[in-house]
There are 2 protein chains.
Amino acid sequence: MPRTSTKAAAPVRRVASDYRLEDQVGFLLRRAYQRASSNLVERIGSYDLTAPQYATLARLYERGALSQNLLGRLVAMEPANIRDVVLRLKKRRLLATRRDPTDKRLILIDLTTAGVALVEQLIPIEIECTATTLAPLKADQRRLLYELLGRLAEG
Amino acid sequence: MPRTSTKAAAPVRRVASDYRLEDQVGFLLRRAYQRASSNLVERIGSYDLTAPQYATLARLYERGALSQNLLGRLVAMEPANIRDVVLRLKKRRLLATRRDPTDKRLILIDLTTAGVALVEQLIPIEIECTATTLAPLKADQRRLLYELLGRLAEG
DNA sequence: TCGATATTGTTATGATCATAACGATACCGA
DNA sequence: TCGGTATCGTTATGATCATAACAATATCGA
């Protein structure tokens, strides 16, 4: 006997196998990401950075100079999107761009000194933020979640 | 001895507790949601619907008429966002709006006949799509994932 | 070598997203 | 009842997102 409707103006409709939006992974994933993202913005928002922007900086910090396209793939952004993010971060002098001398198609991107300094300041904050997001879970549950999410993302 | 850099133009930087973007839940959640969302659009894209639009229709189907604000909360969208989604769906005659007679602030929203018909057509597709997204996981892992995601979303 | 094919970055379009500020309406306690 | 407070919907701004079409450059096989 699932969910009771309190005072619906219209009768609740039912489909064969009583469907619930909550049972769809996509919906759950979207809400969980909203939570994680808002946790992050809450902490690094004062730096005027979004989650994708932080991911971009962090990736450059990890890997050093990358082409714009590869950078985009490594942070899971389409070419058109990573372009905009790079432009904004470049305008703030957090990263710099230059042409690849051997392959004229490529734009090489790397952190500036200011960018490196900022990332090193933010990394501890992000680790703390991840802990906050994962707070409802026990240690073994967290490990499990990582494994499951990893499989989903890779397909 | 983690990750080896192949031919980085710049040296790989390291922070104290060798940080990896992949260890941050937010990043994993974002990628998993991307996958789920693209799975859905792949199947219902021919109906010219996005994931949030589908969620909105499905919620109305489940619950019957709702105020715009409550509808937004039930699909995890801010007032400004649910407004735009409602406008687009209304333009396509998939839902209809009317003023609440008792509370002049509210806009009551409900599916049209066409909207109901469309949702009933889409629900089996979405269930199939969820199965596709969850394909990499075994049955007990799926149950586990749902529980873990539920806890994260609720905080 | 040269021509088909693939890759990179750009542009354009449309749909989410979150936030802040605002007027209108409801509610609620003194 | 009446005035402060809360809720609802709107508007504006800026940042993601995905997709398609395009030009420039690389690559690879005949």
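None of the values given here were measured: they were computed from a predicted structure. Lettering follows sequence order; numbering is per chain, from 1.
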Regarding Asn39(A) and Thr132(A), do their side chains bring together a donor and an acceptor under 3.5 Å, going by distance alone?
no
Pair Glu22(A), Tyr146(B): side-chain N/O donor-acceptor within cut-off below 3.5 Å
no
Do [X] and [Y] have side-chain heavy atoms sitting under 4.5 Å apart?
X         : Y         : value
Arg59(A)  : Phe27(B)  : yes
Ile109(A) : Leu89(A)  : no
Ile107(B) : Arg99(B)  : yes
Ile125(A) : Leu122(A) : yes
Ile123(A) : Tyr54(A)  : yes
Leu145(B) : Leu145(A) : yes
Asp48(B)  : Arg92(B)  : yes

Quick one: bend of the helix from dT1(C)-dA30(D) to dA30(C)-dT1(D) from 5 pairs per end, to 10°?
30°
Please find the pair of heavy atoms, one from Ala36(B) and one from Gly26(A), that lie closest to each other, and give the distance.
CB-CA, 3.8 Å
Any Arg73(A) side-chain N or O less than 4.0 Å from OP1/OP2 of dG9(C)
no
Would you say Asn69(A) places a side-chain N or O within less than 4.0 Å of OP1 or OP2 belonging to dG9(C)?
yes
Measure [atom1]/[X] against [atom2]/[N] and give the value in whole Å, please.
X         : N       : atom1 : atom2 : result
Met77(B)  : dT16(C) : CE    : P     : 6 Å
Asn81(B)  : dG14(C) : CG    : P     : 19 Å
Leu70(B)  : dT7(D)  : CG    : P     : 14 Å
Lys104(B) : dT25(C) : NZ    : P     : 7 Å
Arg98(B)  : dC8(D)  : CZ    : P     : 17 Å
Asp103(A) : dT25(D) : CG    : C1'   : 7 Å
Leu106(B) : dA6(D)  : CG    : P     : 18 Å
Ile107(B) : dT25(C) : CD1   : C1'   : 13 Å

Kindly give the atom pairs (protein nitrogen or oxygen, nucleotide nitrogen or oxygen) under 3.5 Å for nucleotides 20-24 of chain C.
none

Just checking Thr102(B): base, sugar-phosphate only, or nothing, at a heavy-atom cut-off of under 4.0 Å?
sugar-phosphate
Contacts to DNA chain D from residues 30-52 of chain B, heavy-atom cutoff under 4.0 Å, which residues?
Arg30(B), Gln34(B)
Distance-only donor-acceptor pairs under 3.5 Å for side chains of residues 75-88 of chain B, two or more places apart:
none

Counting side-chain heavy atoms from CB outward, which of dA18(D), dC17(C), dT10(C) is closest to Glu78(A)?
dA18(D)
Looking at dA15(D), dC8(D), dC17(C), which one has an atom nearest to any side-chain atom of Gln53(A)?
dA15(D)
Residues at least two apart in sequence or cross-chain that pass side-chain hydrogen bond (donor to acceptor under 3.5 Å, both in side chains) with Arg73(B), listed by chain then number, are Asn69(B)
Close approaches to DNA chain C from residues 83-93 of chain B, in residue order (heavy atom, under 4.0 Å)
Val85(B), Arg88(B)
Salt bridge flag under 4.0 Å for residues Glu147(B) and Arg143(B):
no
In one Ile/Leu/Val/Met/Phe/Trp/Tyr side-chain cluster, 4.5 Å: Tyr47(A), Leu111(A):
yes
